[in-house]
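These notes are about the structure you will find just below.
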Amino acid sequence: MEKHEIRAFIAKRVSKELHDGDVVNLGIGLPTLVANYIPQDIEVYLQSENGMIGLGPAPSEENIDMDITNAGGRPVTLEKGGMYFDSSTSFGIIRGGHVDVTVLGSLQVDEQGSLANWIIPGKMVPGMGGAMDLVTGAKKVIIAMTHTNRGKAKILKECTLPLTAKNQVDLIITEMAVMEVKEDGLHLIEYNNTFSIEEIIKATEANLIINNPSVMKVK
Amino acid sequence: MEKHEIRAFIAKRVSKELHDGDVVNLGIGLPTLVANYIPQDIEVYLQSENGMIGLGPAPSEENIDMDITNAGGRPVTLEKGGMYFDSSTSFGIIRGGHVDVTVLGSLQVDEQGSLANWIIPGKMVPGMGGAMDLVTGAKKVIIAMTHTNRGKAKILKECTLPLTAKNQVDLIITEMAVMEVKEDGLHLIEYNNTFSIEEIIKATEANLIINNPSVMKVK
Amino acid sequence: MKKKIDKSKISELLFDGMSIMVGGFMCIGTPEEIIDEIVKSDVKDITIICNDAGLPGQGVGKLISNGQVKKLIASHIGLNPEAGTLMSEGKLEVTLTPQGTLIEQIRAGGSGLGGFLTSTGLGTLVEDGKKIITLNESNYLLELPIRADLAIVYGTEVDHYGNVLYTKTTRNFNPVIATATDKVLVQARHIVKEINPDYIMTPHIFVDYVIEEGK
Amino acid sequence: MKKKIDKSKISELLFDGMSIMVGGFMCIGTPEEIIDEIVKSDVKDITIICNDAGLPGQGVGKLISNGQVKKLIASHIGLNPEAGTLMSEGKLEVTLTPQGTLIEQIRAGGSGLGGFLTSTGLGTLVEDGKKIITLNESNYLLELPIRADLAIVYGTEVDHYGNVLYTKTTRNFNPVIATATDKVLVQARHIVKEINPDYIMTPHIFVDYVIEEGK
């Protein structure tokens, strides 16, 4: 798959995790694409931590209103029924467990469900933004990312970069597999059958518990 | 003086403590009367803990709107420039030091500036309402009350009733005197010269520090 | 409107021993029609969290009179003498909390905080049983979050999505309790088509059920 | 309008070593005209508290480029590479704080709380130097309030009393920082006669000075 196909594939699979009525926060980058694949028969409310629920698609050039932006500062629109609020209310919603699902990218995730995505010491220090609150507060945390970083494992026994949060990830979705963090470790629950199980194991540093995984279905 | 004259006298003297631009919270009862005597040449903003700034006088019968009430649940009006907010914002304003002056009645006050006005064990348990937050958060706390309870001292060496707060009172204003709580004790700073200093000392259990007090002027 | 229910369905949301947060301040902004339905039901042993005890025959006062309330958490009960009487007779458990602390405890419950530090109540009975934390030589009480099973809220305008707008001093505790309970039931004075998205005070995601006043 | 000042007077509100809270999120809702006046002034060693480091040539980014910022407290600096460079060269002190914790610290500063407990940041570098409090077998970080000397705020509508209304996603940090500083200076997009008292988001009592945009 080309890079954009990989991203679309992951985003489509993530969209199947969403349910009618869910309040969902999509991180910048790949997770944002999930919005394009939400099933038509359900209603999902996108929360944006800079202060809105009901985040809609980017406007056409002539309809851009720079007072309506997402958490990346890019112009978006407001869906019918949506509303604006301040940052204190926004993180009350996030930390208070009122976000059903948060979807984020990550640099590393480990088999305890810890993740690292806000700093590479000495190299890159973007900051955590709202990510630490989101993964701590949301009911379900989904990591959506490429399985490796150009062949280098990102799904580890234990994160080596400074953590964003400990033990908060529920599901990891990549172009190779869907993995669930459970009490006893990381379960491979679905795999993309254009890869062999062996290839997936090889691309994963974490110990994968494999017990009759089904095939990833992404239409 | 008749009871209503005493109340008016105290309220008038309290009003002289207010300055242009002050945010003021007036307790239910006698303190409410202070609003009637605010000098014409200053603007004062009355805060009501149930959710408004710009509390205006009671409406005429035909203009009553029961959606606009004070903290006693009685109909009031909103002054121009005033606004409504929720209880969380209201107590953010109060606790955050954004109220310049709070005026409350009290059952007892003592020479350390502690006060007791929310419970008489075994007899009356109204509750503290917003009083504990107000006296802790407001920049200046004025107690406006009759000097005694039918001859029984209310200004004490130490409160005997359960406290509303410790060491928070700045000024006590009664029909007999104005007393200021300072580091070294309770100073008699003004007295009503229809009483003798001896009468005032006799009506006060607290030790009064007396050093050239001036005469209470209430026009 | 999907969230609208008939008043007769309110009893299905109730159960013995439940906790209910009630909006309103001295009955201003209290959803009286919802309270009437609770009175009609035979639900008992309720814990009520409310600013006050209502008035005789009004607001929470109706539930107290009807013997349905086991425990009341409030800042003030002085305007409902019956609450005081039942309390001293040992028939009603009452926890009195400073108003600013109470609303902040509810906010903490709704916004995922583990607690907060306040000076309010230091050196008073409010300290009893609470942890005192000292920072830079200042003492603070550690106050804990409160949550409940159900919030009953009074909204002046509710739109078709369930967004709520409160007006004037009816707002008080209403938007805060709507964040801190498992279910939220709103009594709408008016159901409207839409509310300006800048003025919505309770986002629809908090609202589960709506009844329309007078219907 | 009493609180309205000319832009040329802004420099009188500034002093070396001061702390300034800046509204806006990735420069959306940031008072750019106020920032331009700070850039023109020779004030230095500023501590900035803001959601982010702005963008190159925009928002807080202009102050950083101009070497006026000693310390930055923010949740994210990724969109302004210059901030990262200055930080690694030791020329800019940066404290990174989770966004929800940062806004709550500011709210605590404005609303008189001594601190609050949150799970956010547990088990991460954010713990460093902070007290951990255990309640019912759960751990929380104790986070402390933040206040500053001046807040610079962007309001869509400001009325003659100084009441402010924010629109759309320009609201973000603005109403919260306006509660937590000694002085508050607002850049008004529009000065209006009055705002509906139910929709006022920052009461006039918080506002000290107003400038009118484009004038």
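Quick note on labels: first sequence line is chain A, next is B, and so on, each numbered from 1. This one's a predicted model, so the numbers in the text were calculated from it and none came from an experiment. Values below: all heavy atoms of this structure, side chains included; hydrogens, waters and symmetry mates excluded.
Within the 4.5 angstrom heavy-atom criterion, no atom of L55(C) approaches chain B. Residue F173(C) touches chain B through both its backbone and its side chain, counting heavy-atom pairs closer than 4.5 Å. Heavy-atom distances place the side chain of V126(C), and not its backbone, under 4.5 Å from chain B. If you measure heavy-atom distances from I68(B) to chain C, the contacts under 4.5 Å come from both the backbone and the side chain. Neither the backbone nor the side chain of A116(B) comes within contact range of chain C, judged by heavy atoms closer than 4.5 Å. Both the backbone and the side chain of L96(C) come within contact range of chain B, with heavy atoms under 4.5 Å apart. For S88(C), no part lies near chain B; criterion is any non-hydrogen pair under 4.5 Å. The part of T136(B) that comes within reach of chain C is its side chain, from C-beta onward, which places non-hydrogen atoms under 4.5 angstrom from that chain. For M87(C), the part sitting under 4.5 Å from any heavy atom of chain B is the side chain, from C-beta outward, and nothing else. Contacts between I28(C) and chain B at a heavy-atom distance below 4.5 Å involve the side chain alone, from C-beta outward. Heavy-atom distances place the backbone of T164(B), and not its side chain, under 4.5 Å from chain C. Only the side chain of T118(C) comes within contact range of chain B, with heavy atoms under 4.5 Å apart. Proximity to chain B is limited to the side chain of P175(C), based on heavy atoms less than 4.5 angstrom apart. The contact between E49(B) and chain C is made by backbone and side chain atoms together, counting heavy-atom distances below 4.5 Å. The part of F91(B) that comes within reach of chain C is its side chain, from C-beta onward, which places non-hydrogen atoms under 4.5 angstrom from that chain.
L185(C) has its side chain out of reach of K183(C): every pair of non-hydrogen atoms, C-beta onward, lies at least 4.5 Å apart. Using a 4.5 Å cut-off on side-chain heavy atoms (C-beta onward), P81(C) and P56(C) make contact. The shortest distance between side-chain heavy atoms of N174(C) and D86(B) does not fall below 4.5 Å.
When all heavy atoms are compared, the tightest approach of R7(B) to L33(B) is CB-CD1, 3.7 Å. Here the closest heavy-atom approach between residue M21(C) and residue I177(C) is recorded as O-CD1, 3.7 Å.
Summarising the local packing, NZ of K70(C) is surrounded by 12 or fewer heavy atoms from other residues, nucleotides or ligands at distances under 6.0 Å. Other residues, nucleotides and ligands contribute only 12 or fewer heavy atoms inside 6.0 Å of the CG atom of N211(B). The local environment of NZ in K3(C) is crowded, with over 12 non-hydrogen atoms from other residues, nucleotides or ligands closer than 6.0 Å. Heavy atoms from other residues, nucleotides or ligands lying under 6.0 Å from CD of E2(B) number 12 at most.
Most heavy-atom pairs under 4.5 Å with chain C, from the set A165(B), G129(B), S48(B): that is G129(B). By number of non-hydrogen pairs under 4.5 angstrom with chain B, the leading residue of A74(C), A53(C), G100(C), G84(C) is G100(C). Ranked by heavy-atom pairs under 4.5 Å with chain B, the list C27(C), S75(C), G78(C), G121(C) is led by S75(C). For the options I119(B), L163(B), V125(B), T69(B), heavy-atom pairs under 4.5 Å to chain C are most numerous at T69(B). By number of non-hydrogen pairs under 4.5 angstrom with chain B, the leading residue of V94(C), L79(C), T97(C) is T97(C). Put simply, of N172(C), T167(C), D52(C), the one with the most heavy-atom pairs under 4.5 Å next to chain B is N172(C). For chain C, the option among G130(B), G122(B), G137(B), G51(B) with the highest count of heavy-atom pairs below 4.5 Å is G130(B). Among M26(C), K168(C), H76(C), the residue making the largest number of heavy-atom pairs under 4.5 Å with chain B is K168(C). Per-residue heavy-atom pair counts under 4.5 Å with chain C were compared for D65(B), I94(B), L78(B), V135(B), and the maximum is reached by D65(B).
Note on E143(C) versus K130(C): salt bridge recorded, some NZ/NE/NH1/NH2 to OD/OE distance being below 4.0 Å. A salt bridge links D67(B) to R189(C): one of the charged nitrogens lies within less than 4.0 Å of a carboxylate oxygen. Between D182(C) and R147(C) there is a salt bridge, since at least one side-chain N of the basic residue sits less than 4.0 Å from a carboxylate O of the acidic one.
Tested against L63(C), the residues I20(C), I38(C), L72(C) include a single side chain to side chain contact (heavy atoms under 4.5 Å, CB included) partner, I38(C). Tested against K154(B) for a side chain to side chain donor-acceptor pair (under 3.5 Å), the candidates T146(B), D110(B), N149(B) yield a single pass: T146(B).
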